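Encoded as structure tokens, the structure appears first; notes follow it.
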Amino acid sequence: MSEHDLIIRLKNDDRHAFDAIYEMYARRLMSYCLSYVRIIEDAEEIIQDIFVSLWKNRHSIHNTESLSPFLHGALRKSVLYYFRRKLNSPIYEEFVSLRDDTHPVDDCANIEYEEFRRIIFSEINRLPRAQREAIILSRFRGLSNKEIADELGLNIQTVKNALSVGLKSLREKLYRYPEIFPLAAMLIYSDTQSII
């Protein structure tokens with residue numbers, strides 16, 4: 001039976017069609033999820049939630065040729081939400097976006113996010129204190145220059161200088177890591193106060 005036929009039957013409340021769609025997609029989605037979420041129980045919960053959502057929203061499915069866009073879109077949102085909750089990590093979204101652009105869905109990335117974080121924070125921690133604090137408050141907590149100045153007890157110009165010099169220094173250090181530099185560039189060159 002074609003996927004189109006399964007989708008039509010799913011929209012008509014056919015549980016057998018739902019089971020067939022689950023068998024068609026679950027393993028692929030799980031593999032993709034596990035490339036980000038290393039705790040298998042968490043990955044299983046994410047996949048389960050996606051299929052529960054599919055069942056609940058079956059009557060509003062518009063694309064009757066393939067469920068791949070719906071399922072992969074739902075998975076991506078779920079993974080982002082998972083890391084926002086678990087890691088409180090504002091730059092994970094950019095990691096996922098860059099990784100999706102450079103790696104097919106079922107491929108493993110050349111570098112994992114935790115390695116990216118380790119390198120970034122290792123280099124940030126080598127910066128002088130004012131530069132380090134300004135970068136963390138700006139790029140990871142999303143504070144404005146004024147908010148940073150208030151928090152650190154500095155004037156705004158000092159914060160601007162610390163950010164400028166600190167980001168320049170960080171950029172030079174991160175050139176040594178070509179495997180992460182495209183992603184690190186989002187952090188370094190971002191015009192916004194926060195990565196998100």
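Predicted model only: the values in this text are computed from it and were never measured.
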Residues passing the side-chain contact (heavy atoms from CB on, under 4.5 Å) test with I156, sequence neighbours excluded, are N145, K146, A149, K160
Sequence neighbours excluded, which residues qualify as ring-ring contact (aromatic ring centres under 6.0 Å, His included) partners of Y25? none
Interatomic distance, R28 atom CZ to C33 atom SG [nearest 0.5 angstrom]: 15.0 Å
Pair E44-M30, side chain to side chain contact (heavy atoms under 4.5 Å, CB included): steps then yes or no: CA-CA 7 Å; E44 287 171 346; M30 186 65 169; 3.3 Å; yes
Within this structure, what is the CG-OG distance for the pair L29 and S78, rounded to the nearest 0.5 Å? 10.0 Å
side-chain contact (heavy atoms from CB on, under 4.5 Å) with I124: which of K173, R132, E133? R132
All heavy atoms of A17 vs all of R9, minimum pair found to be CB-CB, 3.7 Å
With the side chain counted from C-beta on, respond yes when N12 and I8 share a heavy-atom pair under 4.5 Å apart, and no when they do not. yes
Does R58 form a side chain to side chain contact (heavy atoms under 4.5 Å, CB included) with I7? I'd like the steps, not just the answer. CA-CA 8 Å; R58 65 192 179 280; I7 295 169; over 6 Å; no
By ring-ring contact (aromatic ring centres under 6.0 Å, His included) - contacts of F51 (at least two apart): Y22
Rounded to the nearest 0.5 Å, what separation is found between the CD atom of E3 and the OG atom of S68? 7.5 Å
Can you tell me how far apart CZ (R129) and CG (L152) are? Round to the nearest 0.5 Å. 8.0 Å
Taken to the nearest 0.5 Å, the spacing of N57 CG from K11 NZ works out to 11.0 Å
Side-chain touch M24/L6, heavy atoms, less than 4.5 angstrom: yes
Let's go through N155 and T158 carefully: what are the C-alpha distance in whole Å and the side-chain angles of both, what is the deciding distance for side-chain hydrogen bond (donor to acceptor under 3.5 Å, both in side chains) to 0.1 Å, and is it a yes or a no? CA-CA 5 Å; N155 68 48; T158 302; 2.8 Å; yes
Short side-chain donor-acceptor distance under 3.5 Å, R27 and S31: no
Are the side chains of E147 and L137 in contact, using a 4.5 Å heavy-atom criterion? no
Separation of I21 CD1 from D14 CG (nearest 0.5 Å): 9.0 Å
L10 and its side-chain contact (heavy atoms from CB on, under 4.5 Å) partner, picked from I61, D5, D19: I61
Step by step, work out the side chain to side chain contact (heavy atoms under 4.5 Å, CB included) result for L75 and V79. CA-CA 6 Å; L75 178 57; V79 168; 4.0 Å; yes
A162 and A134: which non-hydrogen atoms are nearest, and at how many Å? CB-CB, 4.1 Å
Report yes if the side chains of V165 and L127 come closer than 4.5 Å at any heavy-atom pair, otherwise no. no
Please give me the minimum heavy-atom distance between H4 and T64, naming the atom from each residue. ND1-O, 2.9 Å
Show your working on side chain to side chain contact (heavy atoms under 4.5 Å, CB included) between N63 and F70 and close with a plain yes or no. CA-CA 9 Å; N63 182 350; F70 171 85; over 6 Å; no
